[in-house]
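Contents: one structure, followed by commentary.
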Amino acid sequence: MMTALVLAMLMQGAVPDLPTPQGPPTEPVAEQIVQIERTMKRFEGGVYKKDGKLTCRIEASSGDKDVDMVRCGAMLRCLAPEAEELDAIAASDLPAADRSRQLQAIVAGAQPCVENAKAAGVRMLAEKRAGTQVTR
């Protein structure tokens, strides 16, 4: 239940610091991480604005709601701080190629954050599924 709450907060960008597991994962957790990562490869999606709020768009689900939530949460968490700038660029009078290039640069700059948030979410979900506690 706590993991679901943390994942929901992650999706809203409301978690200032994600739990940081201490040390390498146990074998059961490592097995779960491999399975979750394999499942996540089926996910296709992105983010967009709906009613003024950054929202996750799932084009192809991974087939696992929790895995989709981890992926969406990572994108939302890391792109939410850039939303105003993304909006300004999208609404600008720049030629389409320039707008696209600027938007892609912002998204590329957020990738390390997305990867770190995704890894933390995967670890949390793996620990939950393996029946272990996430530690700070």
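Atoms considered below: every heavy atom in the structure, side chains included; atoms not considered: hydrogens, waters and symmetry mates. Along the sequence shown, the residues carry numbers beginning at 1. Being a predicted model, the structure only gives us computed values, none of them experimental.
Within the hydrophobic cluster formed by Ile, Leu, Val, Met, Phe, Trp and Tyr side chains joined at under 4.5 Å, directly or through other members, I89 is accompanied by L86, L103, I106.
The closest side-chain heavy-atom distance from R99 to P95 is not below 4.5 Å. Counting heavy atoms from C-beta outward, E37 and K118 have side chains that approach closer than 4.5 Å. Considering only heavy atoms from C-beta on, F43 stays 4.5 Å or farther from V67 through its side chain.
At distances below 3.5 Å, at least one donor-acceptor pair connects side-chain atoms of T55 with backbone N or O atoms of K53. A donor-acceptor pair under 3.5 Å is absent between the side-chain atoms of D98 and the main chain of L94, judged by distance alone.
Tested against V122, the residues R71, M40, Q32 include a single side chain to side chain contact (heavy atoms under 4.5 Å, CB included) partner, M40.
Side-chain contact of S61 with D68: a donor-acceptor pair under 3.5 Å is present, judged by distance alone. With hydrogens and angles left out, the side-chain atoms of R38 and Q35 include a donor and acceptor closer than 3.5 Å.
The CE atom of M69 sits 9.5 Å away from atom CD1 of I58, with the distance rounded to the nearest 0.5 Å. The CZ atom of R57 lies 10.0 Å from the SG atom of C72; values are rounded to the nearest 0.5 Å. Remark: E82 CD to L54 CG distance equals 10.5 Å, nearest 0.5 Å.
For the residue pair C56 and L76, the shortest heavy atom distance occurs at N-CD2, 4.0 Å. Residues A110 and L79 approach most closely at CB-CD2, 3.6 Å, considering heavy atoms.
Within a 6.0 Å sphere centred on CD of E84, heavy atoms belonging to other residues, nucleotides or ligands number 12 at most. Counting non-hydrogen atoms of other residues, nucleotides and ligands closer than 6.0 Å to CD of Q111 gives a total above 12.
A salt bridge between R129 and D64 is present, with a side-chain N of the basic residue lying under 4.0 Å from a carboxylate O of the acidic one.
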